[in-house]
A.B. asks: 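Quick one: structure below, then a few questions.
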Amino acid sequence: MYHQEILGQLQTQLLTDTWITATWDEYIEIIKQPEYDRAKSYYYNGLLRIEMAAVGPDHADDNGVIVISINLLGIAKGIKMRLLVNFSYAKTGVRGAQPDAS
């Protein structure tokens with residue numbers, strides 16, 4: 001199921017913060033693994049990227065400021081919007097992303 005390259009990296013530790021070649025199915029299998037529960041993952045054009053996200057109070061505070069600022073701008077301008085925090089987006093077989101806020 002896995003390319004030999006991916007399998008070898010999984011047996012040690014998958015490279016993070018870099019793009020590596022993988023199929024969509026390999027991407028899905030990798031992000032299901034418990035060690036990547038808190039990671040941000042991306043898939044685009046046959047490449048995957050895993051980022052071990054900072055999950056401390058400073059990171060959460062930064063995200064909160066950004067989300068509140070965008071929300072206040074929407075209120076001031078009368079723009080209807082929906083803000084999602086830590087949501088996963090996927091176009092099956094094509095791309096996937098997990099932004100902090102969208």
A.B. asks: Could you tell me which residues satisfy side chain to side chain donor-acceptor pair (under 3.5 Å) with Thr18, sequence neighbours excluded, listed by chain and number?
C.D. replies: none

A.B. asks: Would a 4.5 Å heavy-atom cut-off, applied to side chains only, mark Arg82 and Leu84 as touching?
C.D. replies: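 Yes, side chains in contact.
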
A.B. asks: Using a distance-only test with no angle check, is there a side-chain donor-acceptor pair under 3.5 angstrom linking Tyr36 and Ser41?
C.D. replies: no

A.B. asks: Tell me whether Ile50 shares a hydrophobic cluster with Ile28, the cluster being built from Ile, Leu, Val, Met, Phe, Trp, Tyr side chains joined at under 4.5 Å.
C.D. replies: yes

A.B. asks: Can you tell me how far CD1 of Ile75 sits from CE of Met81, rounded to the nearest 0.5 angstrom?
C.D. replies: 8.5 Å

A.B. asks: Can you list, pair by pair, the side-chain donor-acceptor contacts under 3.5 Å of residues 60-73, counting residues two or more places apart and other chains?
C.D. replies:
residue : atom : partner : partner atom : Å
Asn63   : ND2  : His59   : NE2          : 3.3
Ser69   : OG   : Val65   : O            : 2.7

A.B. asks: Please report the shortest heavy-atom distance between Met52 and Ala39, naming the atom on each side.
C.D. replies: SD-CB, 3.6 Å

A.B. asks: Write down the atom of Glu29, the atom of Gln33, and the distance for their closest heavy-atom approach.
C.D. replies: O-CG, 3.6 Å

A.B. asks: How close do Ala97 and Tyr42 get, counting heavy atoms only, and between which atoms?
C.D. replies: CB-CD2, 3.6 Å

A.B. asks: Which heavy-atom pair separates Gln98 from Ser88 by the least distance, and what is that distance?
C.D. replies: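 Scanning both residues completely, I find the closest heavy atoms to be NE2-OG, 3.2 Å.
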
A.B. asks: Can you name the residues that form a ring pair (Phe, Tyr, Trp, His ring centres under 6.0 Å) with Tyr44, not counting sequence neighbours?
C.D. replies: none

A.B. asks: Heavy-atom distance under 4.5 Å between the side chains of Leu48 and Ile20, does that happen here?
C.D. replies: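 A side-chain contact under 4.5 Å exists here.
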
A.B. asks: After noting the C-alpha distance and the side-chain angles of Asp100 and Lys40, does the key distance pass the side chain to side chain contact (heavy atoms under 4.5 Å, CB included) rule?
C.D. replies: CA-CA 8 Å; Asp100 289 336; Lys40 300 290 181 184; 2.8 Å; yes

A.B. asks: Output yes when a side-chain donor or acceptor of Tyr43 lies under 3.5 Å from a complementary backbone atom of Gly93, and no otherwise.
C.D. replies: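 No, Tyr43 side chain to Gly93 backbone: no donor-acceptor pair under 3.5 Å.
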
A.B. asks: Residues two or more places apart in sequence or in another chain: which of them pass side chain to side chain contact (heavy atoms under 4.5 Å, CB included) with Ala90?
C.D. replies: Trp24

A.B. asks: Could you work out, with side chain to side chain contact (heavy atoms under 4.5 Å, CB included) as the rule, every residue matching Lys80, not counting sequence neighbours?
C.D. replies: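 Scan of Lys80 (side chain to side chain contact (heavy atoms under 4.5 Å, CB included), adjacent residues dropped) gives none.
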
A.B. asks: Give me each pair satisfying ring-ring contact (aromatic ring centres under 6.0 Å, His included) with a member in residues 61-88, each pair once, sequence neighbours excluded.
C.D. replies: Phe87-Tyr89

